[in-house]
Amino acid sequence: QVQLVESGGGSVQAGGSLRLSCAAYGYTDTINYIGWFRQAPGEEREGVAAIYTIGGVPYYADSVKGRFTISQDNAKNTVNLQMNSLKPEDTAMYYCAAKYGVNRFRALEYGDYKYWGQGTQVTVSS
């Protein structure tokens, strides 16, 4: 089992920045992708960014490229999501998730992820 604990989030004005962190506990050697997903009310959950933990290869949704940066701290078993130039449409509940995967083209497919955190709210006001 793997447990994921998110921190960060909150409220910010458009153009501002927030940083989310996801700490992984348990059998972390059984996972090799950690991702961030978001879900706004009435919307489907979507992949935002993910990282292949072996080598730290990042993957981003087109909607956040150039604004969000995903990184990992191996010593702390933590993955961070730095979110800059935030827009009102970034408002959502953000979830950290983890999986063992073999297909990099599915890095942002939320249905493939096995372990999920509780979520943290991000609200961007205009």
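The chain is numbered in sequence order, starting from 1.
Using modelled atom types, one finds a donor on one side chain and an acceptor on the other under 3.5 Å when comparing Asn84 with Ser17. Residues Gln82 and Asn80 have side chains that never bring a donor and an acceptor to within less than 3.5 angstrom of each other.
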**OP:** With side-chain contact (heavy atoms from CB on, under 4.5 Å) as the test, would you mind laying out the steps for Val122 and Leu20 before giving the verdict?
**Re:** CA-CA 9 Å; Val122 171; Leu20 306 182; 4.1 Å; yes
**OP:** Give the C-alpha distance, both sets of side-chain angles, the deciding distance and a yes or no for side-chain contact (heavy atoms from CB on, under 4.5 Å) between Val12 and Thr123.
**Re:** CA-CA 6 Å; Val12 66; Thr123 302; over 6 Å; no
**OP:** List the steps and the verdict of side-chain contact (heavy atoms from CB on, under 4.5 Å) for Thr30 and Tyr100.
**Re:** CA-CA 6 Å; Thr30 63; Tyr100 179 83; 6.0 Å; no
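Ring-plane geometry between Tyr52 and Tyr33 is classed as tilted, the angle between the planes lying from 30 to 60 degrees on a 0 to 90 degree scale. Ring orientation note: the planes of Trp116 and Tyr95 are nearly perpendicular, at an angle over 60° on the 30°/60° scale.
Rounded to the nearest 0.5 angstrom, Tyr60 OH and Leu81 CG are separated by 7.5 Å. In this structure, the separation between CD1 on Ile31 and NZ on Lys99 is 11.5 Å, given to the nearest 0.5 Å. Remark: Phe68 CZ to Leu18 CG distance equals 9.0 Å, nearest 0.5 Å. One distance of note links CH2 of Trp36 with CD1 of Ile51; it measures 12.5 Å at 0.5 Å rounding. Note that the CD atom of Gln72 and the CD1 atom of Ile70 stand 8.5 Å from one another [nearest 0.5 Å]. Note: Glu6 CD to Met93 CE = 9.0 Å, rounded to the nearest 0.5 Å.
In this structure the side chain of Tyr25 never reaches within 4.5 angstrom of the side chain of Asn77, judged on heavy atoms. Side-chain contact between Val57 and Arg104 is absent, with no heavy-atom pair separated by less than 4.5 Å.
Criterion: ILVMFWY side-chain heavy atoms under 4.5 Å apart, direct or through other members. Under it, Val79 and Met83 are part of a common hydrophobic cluster.
Closest heavy-atom contact between Ala92 and Tyr94: O-CD1, 3.3 Å. Across all their heavy atoms, Leu4 and Cys96 have their closest contact at CD1-O, 3.7 Å. Smallest separation of non-hydrogen atoms from Leu86 and Arg67: CA-NH1, 3.8 Å. Closest non-hydrogen pair, Val124 versus Thr91, comes out as N-OG1, 2.8 Å. Closest approach of Val2 to Tyr27, counting heavy atoms only: CG2-O, 3.3 Å. In terms of heavy-atom proximity, Ser63 sits nearest to Arg38 at OG-NH2, 3.6 Å.
Put simply, the residue from Glu44, Arg45, Glu46 that forms a side-chain hydrogen bond (donor to acceptor under 3.5 Å, both in side chains) with Tyr110 is Glu44.
With a 6.0 Å radius and a threshold of 12 heavy atoms from other residues, nucleotides or ligands, Gln121 has its CD atom above the threshold.
Salt bridge status for Asp62 with Lys65: present, with a side-chain N to carboxylate O gap under 4.0 Å.
At least one donor-acceptor pair under 3.5 Å links the side chain of Thr120 to the backbone N or O of Gly8.
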